[in-house]
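Data block below; observations after.
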Amino acid sequence: MKAVFAQSKNIGESAMELVATNNMYSLRFPDSPTLLYVRDIIVPIEEIHRIENRHDEAQKAAAEDVLGTKERETVHAIIAAMAEVLAEKGGLSCYRGESVNATAIARKIAPMISDRKEDTIRRIIADALKAGLIQRP
């Protein structure tokens, strides 16, 4: 039984393919009839440990990158308060009735945040205002 995996890795002009034959894996290069068997590849233990450590560090960083409930509420409160202040400074165009117009605020600040879409900014402001974590004076 012989299976050629669909994924290939480009190396220069040629593509390398991973081939499985009778429970053995090999690498095939189109420019060469010789197969390099995976069992013949030697990876130093230090390199394996380095890769494992980088994986562990990445998982730890991802876990720490999540805001807790209290942190999220604090950020929402700050965004909502800033939106209120901006609306007061911006006049009637920044209000829809008695509520802050998140779309108008987003439109004003979006040019300062170039890596986010205006609609994303509007949604974050609207969510912060809906959370009800601030008191109007």
Side-chain angles (χ1 to χ4, degrees):
M1 179 181 158
K2 182 177 180 180
V4 177
F5 291 86
Q7 290 185 331
S8 62
K9 176 79 176 168
N10 288 331
I11 300 175
E13 297 286 322
S14 61
M16 169 181 71
E17 293 179 315
L18 180 61
V19 180
T21 309
N22 298 328
N23 295 328
M24 295 184 63
Y25 296 94
S26 61
L27 299 174
R28 178 175 39 202
F29 298 90
D31 300 345
S32 172
T34 307
L35 292 176
L36 172 65
Y37 289 95
V38 174
R39 69 168 188 261
D40 296 333
I41 298 173
I42 299 171
V43 179
I45 193 73
E46 295 84 14
E47 184 65 12
I48 293 171
H49 290 305
R50 186 186 71 77
I51 293 168
E52 287 173 343
N53 287 337
R54 289 197 61 186
H55 178 70
D56 292 343
E57 289 170 10
Q59 283 185 321
K60 186 177 178 183
E64 292 172 356
D65 197 28
V66 177
L67 288 178
T69 303
K70 187 69 174 171
E71 292 167 317
R72 183 179 304 278
E73 287 176 355
T74 301
V75 170
H76 272 139
I78 291 168
I79 292 169
M82 292 176 134
E84 289 279 350
V85 170
L86 283 171
E88 288 173 13
K89 301 275 186 206
L92 294 176
S93 67
C94 292
Y95 283 97
R96 184 172 282 142
E98 290 187 22
S99 301
V100 172
N101 184 343
T103 302
I105 299 292
R107 192 173 295 126
K108 289 181 182 248
I109 67 171
M112 294 183 256
I113 310 171
S114 61
D115 64 338
R116 297 290 183 263
K117 293 180 180 178
E118 186 177 308
D119 191 56
T120 301
I121 297 167
R122 180 209 49 80
R123 184 181 43 79
I124 291 169
I125 294 169
D127 288 349
L129 291 166
K130 285 178 194 169
L133 298 170
I134 63 169
Q135 289 129 15
R136 290 183 177 168

N101 and S93 have their tightest heavy-atom pair at ND2-O, 3.9 Å
Between Y95 and I125, is there a shared hydrophobic cluster once you connect ILVMFWY residues whose side-chain heavy atoms come closer than 4.5 Å? yes
Is it the case that one hydrophobic cluster holds both I113 and I124, taking links as side-chain heavy atoms less than 4.5 Å apart, direct or via other members? yes
Gap between atom OG1 of T120 and atom CZ of R122 - 0.5 Å precision: 8.5 Å
The single option from R123, R107, K108 passing side chain to side chain contact (heavy atoms under 4.5 Å, CB included) against E118: R107
Please lay out, stage by stage, how E52 and H49 fare under the test side-chain contact (heavy atoms from CB on, under 4.5 Å). CA-CA 5 Å; E52 287 173 343; H49 290 305; 3.6 Å; yes
Out of curiosity, does V75 fall in the hydrophobic cluster containing L129 (side-chain heavy atoms, cut-off under 4.5 Å, transitive links)? yes
Looking only at heavy atoms, which two atoms of I105 and A83 are closest? And how far apart? CD1-O, 3.8 Å
Atom CD in E46, atom CD1 in I51: separation rounded to 0.5 Å? 11.5 Å
Does E57 pair with K60 as a salt bridge, N-O distance under 4.0 Å? no
Heavy-atom closest pair (A77 atom, L133 atom, distance to 0.1 Å) is CB-CB, 4.0 Å
Between M112 and V85, is there shared hydrophobic-cluster membership here, with clusters defined by ILVMFWY side-chain heavy atoms closer than 4.5 Å? no
Would you say L86 ends up clustered with I79 if hydrophobic residues are merged whenever their side chains have heavy atoms under 4.5 Å apart, either directly or through other cluster members? yes
Could you tell me which non-hydrogen atom of A104 sits nearest to which non-hydrogen atom of C94, and how far apart they are? CB-CA, 4.0 Å
Is it true that, when you exclude R96 itself, more than 12 heavy atoms of the residues, nucleotides or ligands shown sit nearer than 6.0 Å to its CZ? no
